[in-house]
Amino acid sequence: MSDTPGKQQNTAAFYGQAVASFSVAMAATAIGIFKLNADAWVRAFLAIAVLYLVTSAFTLSKVIRDRQESAARMYSPFEKL
């Protein structure tokens with residue numbers, strides 16, 4: 001007999017590391033684009049591309065999380081018999 005595990009919670013340190021890592025990556029990319037020796041329209045295009053990539057990555061991670069959570073909730077009514 002297997003019991004379904006409870007929902008796993010991330011620790012505060014893991015959450016802090018993820019936020020810090022994201023912040024450093026975005027800051028480094030912004031500085032790199034700002035310091036790039038190119039025309040303003042090229043830098044603007046790269047900045048928009050980075051923003052699009054970030055928003056689509058957040059959307060993809062949410063879709064994957066939602067799919068995994070919905071699969072975990074599916075159970076048979078006679079599972080515990």
Side-chain angles (χ1 to χ4, degrees):
M1 212 193 270
S2 65
D3 292 330
T4 55
K7 187 173 182 174
Q8 288 183 322
Q9 296 292 326
N10 293 328
T11 63
F14 181 77
Y15 179 77
Q17 180 184 2
V19 170
S21 175
F22 177 76
S23 301
V24 168
M26 284 298 292
T29 303
I31 291 169
I33 290 173
F34 180 72
K35 296 280 187 175
L36 186 65
N37 189 14
D39 292 337
W41 70 269
V42 173
R43 290 194 309 262
F45 175 79
L46 291 174
I48 294 295
V50 167
L51 291 176
Y52 180 63
L53 181 63
V54 168
T55 57
S56 59
F58 277 118
T59 303
L60 177 62
S61 67
K62 182 187 179 311
V63 168
I64 291 171
R65 182 202 62 202
D66 291 347
R67 179 178 283 182
Q68 287 177 339
E69 285 181 353
S70 69
R73 282 186 287 220
M74 297 170 75
Y75 67 94
S76 171
F78 301 108
E79 186 176 87
K80 297 286 183 176
L81 294 178

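Any value given below was found using the heavy atoms of this structure, including those in side chains, with hydrogens, waters and symmetry copies removed. By convention here, the first residue in the shown sequence is residue 1. Here the structure is a predicted model, which is why all the values come from computation and not from measurement.
Clustering of Ile, Leu, Val, Met, Phe, Trp and Tyr side chains at separations under 4.5 Å places Leu60 together with Ile64.
Closest of all the heavy-atom pairs between Thr29 and Ala25 is OG1-O, 2.8 Å. Residues Ile33 and Arg43 come closest through the heavy atom pair O-CD, 2.8 Å.
When the side chains of ILVMFWY residues are joined at heavy-atom separations under 4.5 Å, either directly or via intervening members, Trp41 and Val50 end up in a single hydrophobic cluster. Put simply, Met26 and Leu53 are part of two different groups of oily side chains (I, L, V, M, F, W, Y) that touch within less than 4.5 Å, one to the next.
With sequence neighbours excluded, the residues forming a side chain to side chain contact (heavy atoms under 4.5 Å, CB included) with Val42 are Ala38, Asp39, Leu46, listed by chain and number. Residues satisfying the side chain to side chain contact (heavy atoms under 4.5 Å, CB included) test with Ser61, not counting sequence neighbours, are none. Under the rule for a salt bridge (charged side-chain N to carboxylate O under 4.0 Å, His left out), the partners of Lys62 that lie at least two apart in sequence or sit in another chain are Asp66. Here Tyr15 pairs with nothing under the ring-ring contact (aromatic ring centres under 6.0 Å, His included) rule; sequence neighbours left out. Here Phe45 pairs with nothing under the ring-ring contact (aromatic ring centres under 6.0 Å, His included) rule; sequence neighbours left out.
Counting heavy atoms of neighbouring residues, nucleotides and ligands inside a 6.0 Å radius, atom CZ of Arg67 does not exceed 12 of them.
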